[in-house]
Student: 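Just passing along the structure, written as structure tokens.
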Amino acid sequence: MEPGNEWFATGSSDRTIKLWELASGRLKLTLTGHISAVRALTVSHRQPYLFSAGEDKQVKCWDLEYNKVVRHYHGHLSGVYCMSLHPTIDVLLTGGRDATARVWDMRTKACIHTLGGHTNTVGDILTQAPNPQCSCLVHCTAGDNGSLHFWDWKTGYNFQKHQTTVQPGSLDSEAGIFKCLFDVSGCRLLTAEADKTIKIYKEDDTATEESHPIVWRLEIMRRKRY
């Protein structure tokens with residue numbers, strides 16, 4: 001969804017990106033350029049840019065004033081499945097099937113950090129919004145195998161790793177994390193997981209770890225069986 005709430009974008013296995021008017025549902029524009037399925041899209045709130053990523057390992061920046069690609073970000077070794085923009089600075093984050101997340105300078109196309117440590121596909125990635133209530137801004141990456149990693153956004157240091165535990169009655173293969181979301185304060189992280197649970201993690205700045213001033217601890221788990 002674009003910031004003005006007037007249109008939204010979709011990507012598909014037909015390798016196209018389509019922009020739709022929200023009010024009427026009318027197709028505004030079709031963008032072509034990917035050579036395989038488009039798996040992730042995000043719209044900048046600060047510039048007229050749309051970012052896309054796909055199974056073709058490509059990450060693209062589209063200038064929506066001219067409807068053309070103006071930047072490519074090269075580095076992923078396999079399909080790219082998720083992406084996120086830093087809320088206040090020109091930084092793009094991507095993650096994918098090569099089990100890495102990458103942090104890019106949006107303008108220079110330079111890869112600032114390669115975040116390794118996952119052993120499976122990185123299925124979601126996001127950055128904490130700046131908030132005085134939060135002790136330290138972090139990137140969060142979630143894996144298809146249920147691993148949750150927290151990274152210092154300035155240094156790329158992986159200061160915490162968490163392996164989710166499936167609820168009783170679920171298979172070990174249901175440990176995947178589908179989606180992550182910070183709340184408005186940025187001090188809680190919500191995850192939607194393959195074992196039909198929603199988990200809430202809370203920032204704890206009273207931790208005694210010497211390597212980093214905060215850790216994230218599981219606060220609530222809600223179970224839903226279908």
Student: Less than 3.5 Å apart, any donor N or O on the side chain of R102 or T114 sitting next to an acceptor on the other?
Tutor: yes
Student: Same cluster or not: are L93 and I112 linked, directly or through other Ile, Leu, Val, Met, Phe, Trp or Tyr residues, by side-chain heavy atoms under 4.5 angstrom apart?
Tutor: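 Per the 4.5 Å side-chain linkage, L93 and I112 are co-clustered.
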Student: I'd like to check T121 versus Y81 (side-chain heavy atoms, cut-off strictly below 4.5 Å). Are they in contact?
Tutor: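 They are in side-chain contact.
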Student: Any chance you could measure E219, atom CD, to D204, atom CG, to the nearest 0.5 Å?
Tutor: 10.5 Å
Student: Could you list the residues that satisfy side-chain contact (heavy atoms from CB on, under 4.5 Å) with N158, not counting sequence neighbours?
Tutor: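 Here the qualifying residues are H149, W151, K161.
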Student: For the backbone of K179 and the side chain of D124, can you confirm whether one donor and one acceptor N or O come within less than 3.5 Å of each other?
Tutor: no
Student: Does either side chain, that of Q47 or that of D90, offer a donor lying less than 3.5 Å from an acceptor on the other one?
Tutor: yes
Student: Does W62 sit in a hydrophobic cluster with other residues, and if so which ones, taking ILVMFWY side chains as linked at heavy-atom separations under 4.5 Å, directly or through other members?
Tutor: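 W62 shares its hydrophobic cluster with W7, I17, L19, L29, L31, V38, L41, V43, L50, L64, V69.
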Student: I need the minimum non-hydrogen distance between I125 and A101, along with the two atoms involved.
Tutor: CD1-CB, 3.6 Å
Student: Can you see which heavy atom on A175 is nearest to which on T164, and at what distance?
Tutor: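 Shortest heavy-atom separation between A175 and T164 comes out as O-CG2, 3.1 Å.
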Student: What is the minimum heavy-atom distance between L115 and G156, and which atoms define it?
Tutor: CD2-O, 3.8 Å
Student: Does a side-chain heavy-atom distance below 4.5 Å link V59 with M83?
Tutor: yes
Student: Which hydrophobic side chains are connected to L22, either touching it within the sub-4.5 Å cutoff or through other members that do?
Tutor: M1, F8, W20, L27
Student: For a quick test of reading the model, state the closest non-hydrogen atom pair linking S185 to D183 and the distance between them.
Tutor: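 Of all heavy-atom pairs spanning S185 and D183, the closest is OG-OD1, 2.9 Å.
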Student: Going by the rule side-chain contact (heavy atoms from CB on, under 4.5 Å), which residues pair with V122 if we only count those two or more places apart in sequence or in a different chain?
Tutor: C82, H118, T141
Student: Are K60 and D56 close enough, and set up right, to give a salt bridge (charged side-chain N to carboxylate O under 4.0 Å, His left out), and what steps lead you there?
Tutor: CA-CA 11 Å; K60 299 175 182 289; D56 53 9; 5.8 Å; no
Student: Rounded to the nearest 0.5 Å, what separates atom NZ in K109 from atom NE2 in H72?
Tutor: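 Answer rounded to 0.5 Å: 9.0 Å.
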Student: Describe, in one word, how the ring planes of F51 and Y73 are oriented to each other, choosing from parallel (under 30°), tilted (30 to 60°) and perpendicular (over 60°).
Tutor: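 The arrangement is tilted - the two ring planes meet at 30° to 60°.
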Student: Are side-chain heavy atoms of T127 and L85 found at a separation under 4.5 Å?
Tutor: no
Student: Side-chain heavy atoms nearer than 4.5 Å, only ILVMFWY residues, links allowed to pass through others: does that put V103 and W153 together?
Tutor: yes
Student: Please step through side-chain contact (heavy atoms from CB on, under 4.5 Å) for the pair K202 and R188, ending with a clear verdict.
Tutor: CA-CA 5 Å; K202 188 175 186 300; R188 283 182 171 84; 3.3 Å; yes
Student: Go through the steps for T94 and W104 under the test side-chain contact (heavy atoms from CB on, under 4.5 Å), then give the verdict.
Tutor: CA-CA 8 Å; T94 58; W104 309 89; 2.9 Å; yes
Student: In this structure, are over 12 heavy atoms from other groups packed under 6.0 Å from R71 atom CZ?
Tutor: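 Enclosed: over 12 neighbouring heavy atoms sit under 6.0 Å from CZ of R71.
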Student: Could you pull out the closest heavy-atom pair between R15 and H34, with the gap in Å?
Tutor: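 It is CB-O, 3.6 Å.
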Student: So, does H86 use its side chain to make a donor-acceptor pair with the main chain of Q128 at under 3.5 Å?
Tutor: no
Student: Mind checking the OG1-CD spacing from T191 to E193? Nearest 0.5 Å is all I need.
Tutor: 3.5 Å
Student: Is it true that a side-chain atom of E55 and a backbone atom of A37 form a donor plus acceptor pair closer than 3.5 Å?
Tutor: no
Student: Is the closest side-chain heavy-atom distance between D152 and H139 below 4.5 Å?
Tutor: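 No, every pair of side-chain atoms sits at 4.5 Å or beyond.
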Student: How far apart are the closest heavy atoms of C140 and C180, and which atoms are they?
Tutor: SG-SG, 4.4 Å
Student: Can you name the residues that form a side-chain contact (heavy atoms from CB on, under 4.5 Å) with N120, not counting sequence neighbours?
Tutor: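 By the side-chain contact (heavy atoms from CB on, under 4.5 Å) rule, N120 matches D144, N145.
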Student: Within a radius of less than 6.0 Å around NZ of K18, do more than 12 heavy atoms belonging to other residues, nucleotides or ligands occur?
Tutor: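 Yes, NZ of K18 has more than 12 neighbouring heavy atoms, counting only those of other groups under 6.0 Å.
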Student: Give every residue pair that meets the ring-ring contact (aromatic ring centres under 6.0 Å, His included) criterion with at least one member in residues 162-194, sequence neighbours excluded.
Tutor: H162-Y201, F182-W216
Student: Does the distance from a Lys or Arg side-chain N to an Asp or Glu carboxylate O, for E21 and R26, drop under 4.0 Å?
Tutor: yes
Student: What distance separates T119 OG1 from Q163 CD, expressed to the nearest 0.5 Å?
Tutor: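 Output value for this atom pair is 7.5 Å.
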Student: Between CG of L189 and CD of E203, what distance do you get to the nearest 0.5 Å?
Tutor: 11.0 Å
Student: At what distance, to the nearest 0.5 angstrom, does CG of L126 lie from CG of L181?
Tutor: 7.5 Å
Student: Just checking, is any N or O donor in the side chain of H76 or K57 under 3.5 Å from an acceptor N or O on the other one?
Tutor: no
